[in-house]
Amino acid sequence: MKRPGIARPDPGVFIKANLPISPVHSVPEILLHTAGPASGLWRLAGRGESDPPPYWAYPWAGGVVLGRYLLDRPEMVDGRRVLDLGAGSGLVAIAASKAGARAVTAVDIDANAVAAIGLNAAINSVDIEAVAADVIDGPAPEATDLVVVGDLFYDPSLALRVIAFLRRCRASGIEVLIGDPVRAYLPHRDLRRIATTAVADFGSVTSGDVVQAGIFSLS
Ligand SMILES: C[S@@+](CC[C@H](N)C(=O)[O-])C[C@H]1O[C@@H](n2cnc3c(N)ncnc32)[C@H](O)[C@@H]1O
């Protein structure tokens, strides 16, 4: 719950001042504002029950593997209209744009993520439409050829809603690609694994620990 009297900083100003720009491990072509121990992220994100966790402030293993995959296989996105669902920092959206997508939309429920995506797109010299919305209980998006999803299967009820939305996308003829280190709620039996890469997760970049993260398609 938001507490009256505690003013939140402007997201863009806060991110620029407190989240240093760093290359993404395994995807060094992409630079992102990334939170560190000194960022004081709670001052922007809040600590209340209704404040969404600031997952956008880090590149996640699922986004890292999917970003790497798109940059290495530009034919997957070349000339296509791409929607990045649960875009967070915008990592996958930026990779799609750099790889030659015709248009890229990044959707996240968190307005702070949308601010970060705008800044990160500018740093990487790409044009991305960033939208703060929860679209997953609605119909498949229009004017979209490919939906990309990095690391969105970390919560059981969210995972059910996401896979139902992705099935509606497939039924509308939209291709779906998922990057995920097989988190607990990934419905992997319904998916086809098409690639695997060892990458660091957001909490283990400095320790050097890696997870086997996959690229999955939905039939
Ligand atoms: C674990 S992060 C992954 C971010 C990024 N895709 C990556 O791989 O680095 C999940 C993101 O999904 C967003 N999210 C959660 N529920 C969502 C929903 N219903 N619609 C859109 N985004 C959502 C969160 O705000 C968060 O930024």
Side-chain angles (χ1 to χ4, degrees), residues 11 15 19 22-27 30-35 41 44-46 48-71 82-97 104-121 124 128-141 144 146-166 168-169 176-186 197 199-205 211 213-216:
I15 292 167
L19 276 69
S22 328
V24 178
H25 55 90
S26 303
V27 198
I30 294 181
L31 302 172
L32 296 177
H33 282 283
T34 305
L41 196 51
L44 174 64
E49 278 177 18
S50 63
D51 295 319
Y55 291 155
W56 53 270
Y58 315 89
W60 287 59
V64 171
V65 71
L66 187 49
R68 183 72 269 153
Y69 184 81
L70 298 181
L71 287 166
V82 178
L83 186 147
D84 180 6
L85 181 67
S89 63
L91 166 59
V92 181
I94 293 166
S97 189
V104 181
T105 304
V107 179
D108 201 289
I109 47 166
D110 190 331
N112 291 330
V114 169
I117 292 165
L119 294 173
N120 289 331
N124 290 280
I128 288 167
E129 183 185 5
V131 179
D134 190 348
V135 299
I136 59 176
D137 297 323
T144 303
L146 171 67
V147 172
V148 289
V149 186
D151 231 311
L152 200 46
F153 290 94
Y154 52 86
D155 172 89
S157 59
L158 176 61
L160 288 174
R161 293 170 61 217
V162 170
I163 196 66
F165 176 74
L166 296 179
R168 289 196 291 282
C169 291
V176 171
L177 280 179
I178 297 166
D180 200 285
V182 192
R183 299 214 190 272
Y185 306 107
L186 180 77
T197 306
V199 296
D201 208 354
F202 76 90
S204 56
V205 174
V211 290
I215 303 293
F216 301 85

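Small disclaimer: the values here were computed from a predicted structure and weren't measured. Residues take their numbers from the sequence shown, with the count starting at 1. Order of listing sets the numbers, starting from 1, for every ligand and every atom in it.
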Give me the nearest non-hydrogen protein atom to [atom] as residue plus atom name, then the distance to 0.1 Å.
atom	value
atom 18 (C) of ligand 1	I109 CG2, 3.5 Å
atom 22 (N) of ligand 1	G86 CA, 3.3 Å
atom 9 (O) of ligand 1	W60 N, 3.0 Å
atom 19 (N) of ligand 1	D134 OD1, 3.1 Å
atom 3 (C) of ligand 1	G150 O, 3.4 Å
atom 25 (O) of ligand 1	D108 OD1, 2.7 Å
atom 15 (C) of ligand 1	Y154 OH, 3.4 Å

Provide the closest heavy-atom pair for [X] versus [Y] in the form atom of the first, atom of the second, distance.
X	Y	answer
A61	P181	CB-CG, 4.0 Å
L71	A95	CD2-O, 3.8 Å
V176	C169	CG2-CB, 4.2 Å
D134	I136	OD1-CG1, 3.3 Å

Which is it for [X] and ligand 1 at heavy atoms under 4.0 Å: side chain, backbone, both or neither?
X	answer
I136	side chain
L158	side chain
L152	side chain

Between I178 and the options D151, V162, L166, I215, the side-chain contact (heavy atoms from CB on, under 4.5 Å) test singles out L166
Per side-chain contact (heavy atoms from CB on, under 4.5 Å), L152 is matched among I163, L158, D180 by L158
May I have the list of side-chain donor-acceptor pairs in residues 112-121 shorter than 3.5 Å, sequence neighbours left out?
residue	atom	partner	partner atom	Å
N120	OD1	H33	N	2.9
N120	ND2	S89	O	2.9
N120	ND2	A116	O	3.2

Item checked: ligand 1 contacted by V92 (non-hydrogen, < 4.0 Å) -> no
Interatomic distance, CG@D84 vs CD1@I94, rounded to 0.5 Å, equals 9.0 Å
To the nearest 0.5 Å, atom CZ of R168 lies from atom CG of D137 at 7.0 Å
salt_bridge(R183, D201) N-O dist < 4.0 Å: yes
- Item | Geometric N/O contact L91 with ligand 1, under 3.5 angstrom | no
Mark up the atoms of ligand 1 that fall under 4.0 Å of a heavy atom belonging to [X], in ascending order.
X	value
G63	7 (C), 8 (O)
Y55	2 (S), 26 (C)
A87	5 (C), 6 (N)

